[in-house]
There are 2 protein chains.
Amino acid sequence: MTAGADAPDGRRRTRGSGASTVQDVAAEAGVSPMTVSRVLSGAQHVRPELRERVEAAVLHLGYHRDENARSLRRRRSGLIGVTITNIANPYYAGLQRGIEEVAARHERRILVGNSNEDPVRERQLVGDFVGRRVEGLVVVPSGQGPATHLQPKALGGVPLVLASRAVEGVDADTVLIDDVRGAYEAATLLLREGHTRIAFLGNRVSVFTGQRRFAGFRQAHEEAGVPVVGELVRQGQQDVDSAREAMTELLALDDPPTAVFTANNRNTLGAIRAIAVAERDRSGAGGRRQTRVVGFDSFELADLSPVALSLVDHDAEELGRQAAEMLFERLEAAGEDEQQAPRLVELPVRLVEDVARL
Amino acid sequence: MTAGADAPDGRRRTRGSGASTVQDVAAEAGVSPMTVSRVLSGAQHVRPELRERVEAAVLHLGYHRDENARSLRRRRSGLIGVTITNIANPYYAGLQRGIEEVAARHERRILVGNSNEDPVRERQLVGDFVGRRVEGLVVVPSGQGPATHLQPKALGGVPLVLASRAVEGVDADTVLIDDVRGAYEAATLLLREGHTRIAFLGNRVSVFTGQRRFAGFRQAHEEAGVPVVGELVRQGQQDVDSAREAMTELLALDDPPTAVFTANNRNTLGAIRAIAVAERDRSGAGGRRQTRVVGFDSFELADLSPVALSLVDHDAEELGRQAAEMLFERLEAAGEDEQQAPRLVELPVRLVEDVARL
DNA sequence: TTGTACGCGTTATCAA
DNA sequence: TTGATAACGCGTACAA
């Protein structure tokens with residue numbers, strides 16, 4: 001103690017710095033700070049009597065070890081950074097839950113940021129996380145513009161796992177849904193049922209999953225020898241309302257589609273609404289058969305859909321768990337000399353024809 | 001520089017500690033660490049020339065300031081702790097998004113933990129967050145057992161806001177939905193329509209919102225002079241399936257209810273399923289009128305319900321925003337002498353009679 | 001078994 | 001305007 005024993009404005013050890021420290025606990029227990037540290041780390045070589053005194057002091061003072069200072073010294077923050085494009089989307093909520101579950105099992109916490117599909121925001125979040133010395137990152141990339149912020153150099157060597165979407169030019173561990181196969185199976189189902197005019201409703205073309213799902217859709221057509229009908233392909237609907245509008249337009253065509261493949265749950269919901277409304281208006285008169293829907297992703301109450309519906313189902317929590325597991329495998333392999341090449345995992349999907357069985 | 005210029009095991013400045021430090025940047029720019037710190041904090045009083053040198057060095061080294069060490073010295077972590085009972089529930093996902101939005105606006109990050117409705121886990125999470133020196137906490141309490149871990153003493157003075165549920169014996173800022181009024185209005189609607197045998201489907205009695213919603217339900221009955229029918233009250237369904245079973249039982253009664261109030265979206269979904277199935281089985285024969293449903297909470301695709309439905313709607317994101325705003329108001333008022341008493345805010349609900357207008 | 005000395009990376013304070 | 005010094009709270013290494 002050299003200087004600054006008392007601040008001139010009189011705040012000191014009352015509400016000043018707030019939390020108590022090892023020093024305080026040590027003083028209260030009549031031991032050195034080191035002994036306190038040992039007790040808190042569950043060390044073996046402490047006399048039971050001292051241990052009890054320390055534990056009593058901890059309880060008495062309501063002491064919480066400063067994990068911040070601790071991680072500074074130990075060189076591991078116990079933190080995993082997670083950026084998601086939209087947490088409010090139930091799918092990504094499940095993803096986050098999966099990540100959190102695995103992180104908790106490894107005694108880590110997650111820092112979560114919403115990128116809002118905005119690459120600039122994503123860059124800020126990742127930069128901040130790196131500054132906070134997260135031990136690893138799980139990113140659902142917004143996937144537009146250059147991804148320099150996801151390059152190893154920008155990450156300062158922090159391991160990265162991409163979830164749900166890949167990014168061109170970024171060589172990182174990646175966990176995806178088997179989008180191509182799911183879309184392929186969905187389209188094949190419709191083609192087998194005899195449909196030849198099948199509409200496609202999907203995301204913006206720039207969205208990775210959107211591209212892949214369209215690829216599967218097209219592939220199924222090629223194999224069946226049925227051409228994809230250009231005027232029935234609508235890409236760019238990011239929310240339920242625009243999907244509904246797109247479907248309504250399609251239904252109003254002179255030669256409307258007899259079936260539709262919707263490439264995500266936003267578009268499925270929009271399509272169902274449009275079809276249900278059209279149905280209601282025709283009130284069974286026209287005699288035209290109801291438009292058939294097969295959609296990617298599942299959603300609550302799907303089994304009560306007023307429209308004939310099949311779904312390509314997959315597990316968001318599992319996606320999150322896998323991503324987190326891959327990250328921790330990287331962390332554990334960090335000491336080794338030979339670094340593994342980035343891995344790509346594609347999780348299986350399940351085509352549910354009868355949605356009541358979801 | 002006294003000692004420790006080189007570790008005996010030869011790892012040093014190669015891949016050793018990994019990230020570069022202010023020291024490195026200072027050396028590279030030929031200035032003192034303090035000048036680097038000033039530049040990074042956007043300080044005014046630095047010669048442009050030096051500033052440029054520093055900025056170049058930062059870029060060159062890919063330097064990220066260590067927010068951990070920084071917060072140790074500055075005594076503010078820039079972190080807000082959030083515990084939620086179940087992130088996978090879309091409602092709480094929205095809540096989290098609201099919190100994150102406000103936190104981001106205040107340049108804070110959120111640490112998120114899933115308590116899984118488990119008080120023990122909640123206690124661990126809160127303890128860890130306090131140890132990480134979060135500046136504040138937003139908790140959706142699991143609300144069973146004693147809540148000693150939410151007492152000011154256990155929190156070491158960290159401000160707390162309870163969201164969605166209150167906790168007996170905990171005097172903290174709280175943001176709730178106006179559960180009582182919502183349930184009251186829902187029940188009143190049904191009573192006005194002439195129903196006198198109204199079922200109630202709700203949460204476990206121990207869940208705070210469940211109690212409040214039952215209170216509103218009962219109050220409406222009292223005012224209308226209609227008794228609550230005991231055999232039609234089912235509390236304890238925590239998921240869709242058990243809710244469906246409960247509703248199925250009610251429909252099988254000799255004198256089944258003509259309407260049901262469901263106290264949350266799990267129960268609403270279950271009730272709708274049960275009614276839809278019963279409907280289908282009778283296939284319009286019996287001539288009995290369809291059971292009317294009014295539910296608390298909204299959900300996707302509600303407008304396509306096969307059963308006549310009204311809902312008590314409210315905004316999860318707004319709840320999250322309000323909770324976070326209250327927290328930051330506390331933080332800003334932290335310096336002042338007089339501490340405000342804990343505040344209770346109840347957010348309004350909206351009775352949507354025609355669900356197509358949601 | 002226990003304690004002492006020092007360093008982790010940063011910034012507040014004060015002196016130049 | 002810039003730099004030296006100390007301190008934030010903790011853990012490691014080593015000495016007692």
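Chain letters run A, B, ... following the sequence lines, proteins first, then strands; residues in each count from 1.
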> Is there a donor-acceptor pair closer than 3.5 Å between any side-chain N or O of N68(B) and the backbone N or O of L72(A)?
Replying inline: no

> With no hydrogens and no angle check, do the side chains of N114(A) and R121(A) hold a donor and an acceptor under 3.5 Å apart?
Replying inline: no

> In whole Å, what is the span from the CG atom of D24(A) to the P atom of dC10(D)?
Replying inline: 9 Å

> Starting at the 5' end of DNA chain D and moving along, which residue's nearest nucleotide shows up first, R73(B) or V22(A)?
Replying inline: R73(B)

>> Quick one, Y92(A) with I87(A), criterion side chain to side chain contact (heavy atoms under 4.5 Å, CB included). Give me CA distance, side-chain angles, the key distance, then yes/no.
In response: CA-CA 6 Å; Y92(A) 290 123; I87(A) 316 180; 5.9 Å; no

>> If I take atom CZ in residue R74(A) and atom P in nucleotide dG9(D), what distance separates them, rounded to the nearest angstrom?
In response: 19 Å

Could you run down the sub-3.5 Å N/O contacts of the protein with nucleotides 2-5 of chain C?
| residue | atom | partner | partner atom | Å |
| --- | --- | --- | --- | --- |
| dT2(C) | OP1 | R47(A) | NH1 | 3.3 |
| dT2(C) | OP2 | R47(A) | N | 2.7 |
| dG3(C) | OP2 | S32(A) | N | 3.2 |
| dG3(C) | OP2 | S32(A) | OG | 3.0 |
| dG3(C) | OP2 | T35(A) | OG1 | 2.6 |
| dG3(C) | N7 | R38(A) | NH2 | 2.8 |

> Of the nucleotides dT10(C), dG11(D), dC10(D), which has the atom closest to the Y63(A) side chain?
Replying inline: dC10(D)

> Do you know which two heavy atoms are closest between T21(B) and Y63(B), and how far apart they sit?
Replying inline: C-CE1, 3.6 Å

> What integer distance in Å separates H64(B):NE2 from dT10(C):P?
Replying inline: 12 Å

>> Looking at V140(B), is its backbone amide N or carbonyl O close enough to the side chain of R165(B) to form a donor-acceptor pair, meaning the two atoms are under 3.5 Å apart?
In response: no

>> Taking the side chain as everything from C-beta on, heavy atoms only, tell me whether V134(B) gets closer than 4.5 Å to I80(B).
In response: no

